[in-house]
Amino acid sequence: MVLAITLNPSLDISYPIETLKINDVNRCQTVSKTAGGKGLNVARVIHQMDGSVVATGFLGGNIGKYIEDQLTEQEIQHQFQHINGETRNCIAILHDQGQQTEVLEGGPTLSVEDLEKLKALLEDLVGAHDVVTISGSLSKGLPEDSYVQLIEQLNAKNKKVILDSSGGSLKAVLNSNVKPYAIKPNLTEIEELTGVAVSLEDLTGLKSLLLGEQFMAIPLIVISLGADGAFVKSGKQFYRVTIPKINVVNPVGSGDSTVAGLALALEKQASLEEILKTAMALGLLNTMEQKTGFVNPLNFDKYFELVKVEEI
Ligand code: ATP
């Protein structure tokens with residue numbers, strides 16, 4: 001079973017409108033409101049693939065209650081730490097033939113006490129889970145090393161942790177002695193983290209970077225490359241994963257879907273090839289759907305077979 005942690009979930013509201021009028025009234029007839037935040041996308045994709053998953057993290061207020069009700073309705077198991085603040089809304093306005101304008105709330109401010117309560121909840125929850133995903137940004141008010149603390153707690157219980165974060169919270173993990181089992185940065189995130197421009201034509205620089213102190217002790221590093229698949233370090237070996245060309249409908253959430261694939265396959269103790277093929281196939285399937293963090297399981301086998309893994 002997989003435990004999917006999201007510290008700063010959101011209710012993702014999508015407003016499709018023909019033309020966005022600035023400084024004017026925009027009316028919207030069809031609204032979709034989805035339990036969101038990266039870890040909830042991970043949980044939904046695992047559930048769609050018939051895997052078992054429990055979603056956890058922080059939720060609060062009426063929006064938190066709405067998210068819990070939606071997860072219950074969708075039969076996704078959940079157990080959240082409740083907070084005093086209100087969970088955030090994230091609004092995406094889809095307009096003018098393919099344009100997307102977003103308004104993202106920062107979310108509630110939490111305290112060290114909230115983090116301690118979540119750790120106590122994890123202590124009870126985690127027993128049944130072999131693989132734990134930690135996704136997204138930290139809530140305001142939490143220390144930058146919050147993920148270091150969670151990974152330390154989970155590593156002590158021999159859980160395989162997949163971390164999908166960026167910026168300061170990921171840097172804090174890379175600079176500590178506490179390492180997750182896997183990370184899934186995209187190319188931009190790796191460049192931002194290291195300050196090094198990466199060339200896919202000459203991977204020597206990237207390879208030596210990943211063999212350096214910050215990354216070496218992480219057993220599995222999957223650098224996702226959008227339509228170009230992924231570049232992977234497993235132990236000291238490197239792999240290039242390529243994917244077929246497809247018609248992309250909406251690529252948002254593909255990273256989360258990729259993490260769902262890593263978690264599902266790791267939980268099955270699959271081979272490295274199967275882990276990477278599952279992750280890439282699910283990332284790709286997400287791009288073929290309108291909804292974010294959503295896949296059609298009926299297409300899985302076909303695209304799984306089309307993903308190629310090559311040692312380089
Ligand atoms: P996001 O932040 O939108 O969730 P990401 O930047 O973390 O995504 P990407 O590298 O864009 O992650 O995508 C993850 C995986 O999804 C890719 O490795 C690939 O398998 C699939 N994917 C993403 N974009 C495309 C695309 N345009 N065509 C085919 N597959 C794609």
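What you see is a predicted model; the values in this text were computed from it and never measured. Indexing begins at 1, ligand by ligand and atom by atom, following the structure's order. By convention here, the first residue in the shown sequence is residue 1.
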Kindly print each ligand 1 N/O atom paired with any protein N/O atom under 3.5 angstrom away, one pair per line, or none if nothing qualifies.
from: ligand 1; atom 1: 3 (O); to: Gly253; atom 2: N; distance (Å): 3.4
from: ligand 1; atom 1: 4 (O); to: Gly253; atom 2: N; distance (Å): 3.3
from: ligand 1; atom 1: 4 (O); to: Ser254; atom 2: N; distance (Å): 3.3
from: ligand 1; atom 1: 4 (O); to: Gly255; atom 2: N; distance (Å): 2.8
from: ligand 1; atom 1: 6 (O); to: Asn186; atom 2: ND2; distance (Å): 2.8
from: ligand 1; atom 1: 7 (O); to: Lys184; atom 2: NZ; distance (Å): 3.1
from: ligand 1; atom 1: 8 (O); to: Gly255; atom 2: N; distance (Å): 3.2
from: ligand 1; atom 1: 10 (O); to: Ser224; atom 2: OG; distance (Å): 2.8
from: ligand 1; atom 1: 10 (O); to: Gly226; atom 2: N; distance (Å): 2.8
from: ligand 1; atom 1: 12 (O); to: Ser224; atom 2: OG; distance (Å): 3.3
from: ligand 1; atom 1: 18 (O); to: Gly229; atom 2: O; distance (Å): 2.9
from: ligand 1; atom 1: 20 (O); to: Met280; atom 2: O; distance (Å): 3.3

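Salt-bridge formation is detected for the pair Glu123/Lys157: a Lys NZ or Arg NE/NH1/NH2 atom is positioned less than 4.0 Å from an Asp or Glu carboxylate oxygen.
Within a 6.0 Å sphere centred on CD of Gln97, heavy atoms belonging to other residues, nucleotides or ligands number 12 at most. Within a 6.0 Å sphere centred on CD of Glu213, other residues, nucleotides and ligands contribute 12 heavy atoms or fewer. At most 12 heavy atoms of other shown residues, nucleotides or ligands fall within 6.0 angstrom of atom CG in Asn177. Within a 6.0 Å radius of CG in Asn296, other residues, nucleotides and ligands contribute more than 12 heavy atoms.
Evaluation of the side-chain hydrogen bond (donor to acceptor under 3.5 Å, both in side chains) test over residues 221-234, restricted to residues two or more places apart or in two chains, returns Lys184-Ser224.
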